[in-house]
2 protein chains.
Amino acid sequence: MTSRGPSKRVRKAPAERRHEIVAAAAHVGLTEGLECVTLRRVADELGVRPGLVGHYFPAADTLVAEAFTAATMADLDSLLPERPDGPGGDDTPRAVLRRFFTLTSSTEFDNVSRLWLNARHLSRYRPELRDHVVAQELLWCGRVEQTITAGTESGDFSCADAWASALRILVAVDGASAYINTSADRRGAPIVHLARAVAETELGLGAGELAPI
Amino acid sequence: MTSRGPSKRVRKAPAERRHEIVAAAAHVGLTEGLECVTLRRVADELGVRPGLVGHYFPAADTLVAEAFTAATMADLDSLLPERPDGPGGDDTPRAVLRRFFTLTSSTEFDNVSRLWLNARHLSRYRPELRDHVVAQELLWCGRVEQTITAGTESGDFSCADAWASALRILVAVDGASAYINTSADRRGAPIVHLARAVAETELGLGAGELAPI
DNA sequence: TTGCTTATTGGTCGCATACTCAATAGCATT
DNA sequence: AATGCTATTGAGTATGCGACCAATAAGCAA
């Protein structure tokens with residue numbers, strides 16, 4: 001059980017404490033939504049007083065923005081490894097994309113879909129968050145582009161403009177996940193595979209070549 | 001100029017007042033976001049006291065939900081007329097879709113894109129709004145399906161499953177509009193035409209056949 | 001004109017948020 | 001063991017929200 005009374009105060013190095021706060025904020029944002037990333041909610045998560053969180057983040061917007069980046073960065077590397085054939089698995093670009101589409105359409109990814117939807121809307125009001133979201137969008141798109149380029153060079157894919165194709169593939173992914181809070185039960189419907197189909201078209205592959213094995 | 005002091009109170013028929021409130025809430029939701037649809041904000045818009053709005057909407061969620069429906073219903077009929085060849089223009093299904101893609105990718109549609117993004121996220125927390133969004137999603141999809149079916153019967157389109165195609169087309173539209181608050185400046189990029197390209201593929205048309213004249 | 005129904009007001013209450021700042025106490029250094 | 005730096009607390013301010021309710025007055029009907 002979590003400690004009830006005012007626990008003995010623990011003094012930590014600023015860098016460590018700050019990192020701890022961002023991690024807690026990322027967890028709250030991922031599971032409950034970025035609107036719930038408040039000084040009080042994050043402080044509760046850590047068992048500290050709200051004032052402490054406010055001390056490290058004089059503007060709450062900064063905490064929300066960093067929470068988003070922390071949460072999405074974690075998924076990025078697992079979904080799209082920086083070097084498709086680097087250490088940690090000699091996956092072919094085709095295998096990487098296959099895994100990408102399998103994971104992004106699984107229910108494990110639902111909270112991540114919610115987070116992106118959340119962040120893209122909240123960016124309307126919070127400029128600092130907006131900057132972080134734009135940066136992540138570019139990062140993800142670049143990572144997909146890397147994978148496509150690698151596949152084109154190895155002869156697996158046939159693609160004239162890797163960046164444009166990456167853009168279109170991500171549009172399809174984001175479109176499919178837009179309904180996560182409303183008509184998510186329609187997932188079994190044709191929309192789940194739209195992103196995969198778009199990718200196959202973009203990369204000159206036959207239908208089903210990026211489907212899970 | 002707007003009246004400053006407490007203007008003489010005006011007494012209206014409940015039905016009229018209620019409709020007026022929903023219209024004002026829809027305007028606020030469309031231009032400033034559904035989070036700004038509060039009892040106070042809507043009351044200001046109308047020049048009445050917040051208590052009055054609260055009287056007509058004992059639960060604020062209801063007002064937000066109805067505001068969303070009112071705002072989206074207005075666009076639906078202008079974008080996708082119920083009878084493609086009915087009164088008000090003997091447009092062919094092809095012309096209807098052409099206009100649909102032209103309008104949805106114009107900047108005039110930006111606030112509508114923001115509204116949908118807004119509503120789909122907010123549905124996470126507000127069940128009543130969620131119901132309205134789901135209903136609108138079905139309505140829009142059905143309207144696209146109608147147009148596709150009409151085009152298939154007239155021989156303009158070639159489509160096996162009109163409903164599935166309508167779903168995929170809307171996924172592409174929503175995907176393209178997901179970046180409205182973040183990377184909207186990328187609109188000139190290939191993503192704008194993705195939805196149109198998806199539609200052309202789905203309906204067995206050649207590339208560019210749904211492009212603006 | 002008088003009276004009555006009820007739409008509308010004005011105020012309050014409880015709760016949650018961000019933000020500020022002096023006071024406190026943990027921990028490393030001396 | 002004593003000292004000093006500063007991480008941390010606790011309390012307070014200001015703003016905004018939804019919800020509630022008695023008092024008021026607008027406009028219709030008699």
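A, B, ... follow the sequence lines: proteins, then strands. Residue 1 opens every chain. Below, each value reflects all heavy atoms present in this structure, side chains not excepted, and no hydrogens, waters or symmetry copies. Just so it is clear, the model here is predicted, and its values are computed rather than measured.
- With rounding to whole Å, B:Arg18 atom CZ is found 15 Å from C:dA7 atom C1'.
- Using a 4.0 Å cut-off between a side-chain N of Lys or Arg and a carboxylate O of Asp or Glu, B:Arg143 and B:Asp77 qualify as a salt bridge.
- Rounded to whole angstrom, the span from the CG atom of A:Leu34 across to the P atom of C:dT17 amounts to 15 Å.
- Within the 4.5 Å cutoff, the side chain of A:His193 has no heavy atoms near those of the A:Glu200 side chain.
- Note on A:Arg11: every side-chain N or O is 4.0 Å or more away from OP1 and OP2 of D:dT8.
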Evaluate side-chain contact (heavy atoms from CB on, under 4.5 Å) for B:Glu202 paired with B:Ile148, printing each intermediate quantity in order.
-> CA-CA 10 Å; B:Glu202 289 289 333; B:Ile148 293 178; over 6 Å; no
Listing time: all N or O pairs from protein to nucleotides 18-22 of chain D that are below 3.5 Å?
{"residue": "D:dG18", "atom": "OP2", "partner": "B:Leu39", "partner atom": "N", "Å": "3.3"}
{"residue": "D:dG18", "atom": "N7", "partner": "B:Arg40", "partner atom": "NH1", "Å": "3.0"}
{"residue": "D:dG18", "atom": "O6", "partner": "B:Arg40", "partner atom": "NH2", "Å": "3.2"}
{"residue": "D:dA19", "atom": "OP2", "partner": "B:Pro58", "partner atom": "O", "Å": "3.0"}
{"residue": "D:dA19", "atom": "OP2", "partner": "B:Ala60", "partner atom": "N", "Å": "3.0"}

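- One finds a salt bridge joining B:Arg18 and B:Glu66 here, because a Lys/Arg side-chain nitrogen approaches an Asp/Glu carboxylate oxygen to under 4.0 Å.
- Nearest-nucleotide positions on DNA chain D place B:Arg41 closer to the 5' end than the other of B:Arg41 and B:Val10.
- Counting to the nearest Å, the C1' atom of C:dT5 and the NZ atom of B:Lys12 are 20 Å from each other.
- Put simply, NE2 on A:His55 is 14 Å from C1' on C:dT24, counting in whole angstrom units.
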Take A:Leu139 and A:Met73 through the test side-chain contact (heavy atoms from CB on, under 4.5 Å) and record every step on the way to the result.
-> CA-CA 9 Å; A:Leu139 203 56; A:Met73 283 293 259; 3.6 Å; yes
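- We find that CZ of B:Arg9 is positioned 11 Å from C1' of C:dT6, with the value rounded to whole Å.
- One atom, CZ of B:Arg49, and another, C1' of D:dC17, lie 16 Å apart when rounded to the nearest Å.
- No hydrogens or angles considered: nothing links the side chains of A:His121 and A:Glu35 as a donor-acceptor pair under 3.5 Å.
- Here A:Tyr56 reaches the OP1 or OP2 of D:dT8: one of its side-chain N or O atoms lies under 4.0 Å away.
- An OP1 or OP2 oxygen of C:dA7 is reached within less than 4.0 angstrom by no side-chain nitrogen or oxygen of B:Arg17.
- Rounded to a whole Å, the CD atom of A:Glu32 is 11 Å from the P atom of C:dT17.
- Relative orientation of the A:Trp140 and A:Phe100 rings is tilted, given thresholds of 30° and 60° on the angle between their planes.
- Rounded to whole Å, the distance from CG on B:Leu52 to C1' on D:dA23 is 15 Å.
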